[in-house]
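Encoded as structure tokens, the structure appears first; notes follow it.
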Amino acid sequence: MIKAKNLVHEYIRRDEEGNVESIQTALDHVNIHIKPGSFVAILGHNGSGKSTLAKHLNVLLSPTEGSLWVDGKDTADADKLWEIRQTAGMVFQNPDNQIIATVVEEDVGFGPENIGVPTDEIWKRVEDSLRAVGMLEYRSHSPNKLSGGQKQRVAIAGVVAMQPKCIVLDEPTAMLDPVGRREVLRTVKELNRTKGVTIILITHYMEEVVDADYVYVMDSGSVAMEGTPREIFSRVDTLKLHRMDVPQVTLLAHELKKEGLDIPDGILTREELVKALERLSNKG
Ligand code: ADP
Ligand code: MG
């Protein structure tokens with residue numbers, strides 16, 4: 001679905017005469033490979049290059065060096081711009097900037113209408129998309145009155161209605177309360193599981209990547225770590241080095257193991273830690 005080969009992005013700042021004032025390397029030879037239908041998370045602290053990568057996936061930026069293919073199409077190929085944008089839908093941090101209509105169903109129908117989908121088909125897509133994000137009963141509501149999590153799900157429905165093969169979500173939960181965060185995550189996982197949409201979830205919350213198929217950790221514009229969530233969560237010291245906030249349950253398990261308790265590496269959830277401790281006490 002996505003392949004980046006030695007992808008480099010430099011933000012170049014120029015003065016009024018056009019002389020280069022500064023160069024910021026935001027992506028530094030990034031290599032990633034994302035299979036169709038997978039749920040991939042991209043982690044990294046602020047400034048690590050995540051949003052720059054997201055913008056490349058949607059061709060809001062093009063490579064300074066290296067290449068990026070989305071569904072086999074080279075993003076440097078100007079003729080493919082609209083095809084690529086329809087292949088990879090984007091969801092951003094702030095739902096308020098993504099919702100434009102005054103009624104939920106109109107907002108969701110806006111994208112398909114814009115690309116000339118026939119009216120009957122638009123209504124079908126609107127209904128299917130709102131059902132897929134669990135917001136069908138709010139179809140005639142005003143988006144203003146919805147919670148942050150509900151608004152974000154409407155924004156996701158708007159993207160789903162465009163029937164992209166892949167959805168890129170750039171910190172979609174950053175502005176939400178814990179309930180909203182859970183709603184959005186559940187929705188995204190459901191879309192991946194039931195509709196086979198490739199999901200690329202960009203986040204700085206490690207807890208959100210537990211169910212991903214594969215995880216990339218970025219630092220200073222490079223891929224610093226990659227692997228399954230369990231492989232990543234096993235490397236607590238490396239994660240700290242890359243300024244990631246390791247979930248408390250993973251930290252606790254790591255500390256207990258360091259103190260000599262026989263606990264497996266890469267504990268992801270509270271349930272797993274409880275099971276591991278129960279096994280120990282049964283043995284003892
Ligand atoms: P993240 O999304 O992980 O926080 P970004 O991709 O936004 O990271 O930023 C990566 C680096 O590029 C940062 O050092 C940031 O300051 C810089 N950067 C981002 N956008 C611009 C821009 N428009 N002009 C110059 N530098 C930028
Ligand atoms: Mg960002």
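Predicted model only: the values in this text are computed from it and were never measured. By convention here, the first residue in the shown sequence is residue 1. Remember, it's 1-based here, ligands and their atoms both numbered in the order they're listed.
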Compute the minimum heavy-atom distance from G44 to ligand 1 and say whether it is under 4.0 Å.
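Flag not set, G44 not near ligand 1.
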
Sub-4.0 Å heavy-atom contact, H45 with ligand 1:
yes

At less than 4.0 angstrom from any non-hydrogen atom of [X], what atoms of ligand 1 do you find?
X: N46; result: 4 (O)
X: A26; result: 10 (C), 11 (C), 12 (O)
X: S48; result: 1 (P), 3 (O), 8 (O)

Check side-chain contact (heavy atoms from CB on, under 4.5 Å) between D170 and all other residues, then give those that pass, not counting sequence neighbours.
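With sequence neighbours excluded, D170 shows a side-chain contact (heavy atoms from CB on, under 4.5 Å) to S51, A54, I202, given in chain and number order.
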
In T87, D71, T198, the residue satisfying side-chain hydrogen bond (donor to acceptor under 3.5 Å, both in side chains) with K165 is D71

Looking only at protein heavy atoms, identify the closest one to [atom] and say how far it is in Å.
atom: atom 5 (P) of ligand 1; value: T52 OG1, 3.7 Å
atom: atom 8 (O) of ligand 1; value: G49 N, 3.1 Å
atom: atom 25 (C) of ligand 1; value: Y11 CB, 3.4 Å
atom: atom 7 (O) of ligand 1; value: S51 CB, 3.8 Å
atom: atom 16 (O) of ligand 1; value: Q24 CD, 4.8 Å

One pair to check against side chain to side chain contact (heavy atoms under 4.5 Å, CB included): V217 and V223. What are the steps and the verdict?
CA-CA 6 Å; V217 181; V223 173; over 6 Å; no

Salt bridge between [X] and [Y], side-chain N to carboxylate O under 4.0 Å?
X: E21; Y: R14; value: no
X: R193; Y: E190; value: yes
X: E127; Y: R131; value: yes
X: E121; Y: R125; value: yes
X: D120; Y: K124; value: no

Distance-minimising heavy-atom pair for I267 and T250
O-OG1, 2.8 Å

For the Mg ion (ligand 2) the protein N, O or S atom count under 2.8 Å stands at 1

Which residue pairs satisfy the salt bridge (Lys or Arg N to Asp or Glu O under 4.0 Å) criterion with at least one member in residues 40-68, sequence neighbours excluded?
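Every salt bridge (Lys or Arg N to Asp or Glu O under 4.0 Å) pair that includes a residue of residues 40-68, provided the two are not neighbours, is K50-E171.
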
Are there protein heavy-atom neighbours of atom 18 (N) of ligand 1 below 4.0 Å?
yes

Interatomic distance, CZ@R235 vs CG@L241, rounded to 0.5 Å, equals 10.5 Å

Between side-chain atoms of residues 6-13 and protein atoms elsewhere (two or more places apart, or another chain), which donor-acceptor pairs fall under 3.5 Å?
{"unit_1": "N6", "atom_1": "OD1", "unit_2": "N31", "atom_2": "ND2", "d": "3.3"}
{"unit_1": "H9", "atom_1": "ND1", "unit_2": "H56", "atom_2": "NE2", "d": "2.9"}
{"unit_1": "Y11", "atom_1": "OH", "unit_2": "T52", "atom_2": "OG1", "d": "2.8"}

Regarding atom 1 (P) of ligand 1: of the candidates S22, G47, S220, G221, which has the closest heavy atom?
G47

Any nitrogen or oxygen of E171 lying under 3.5 Å from a nitrogen or oxygen in ligand 1? Just yes or no.
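Among all N and O atoms of E171, none is under 3.5 Å from an N or O of ligand 1.
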
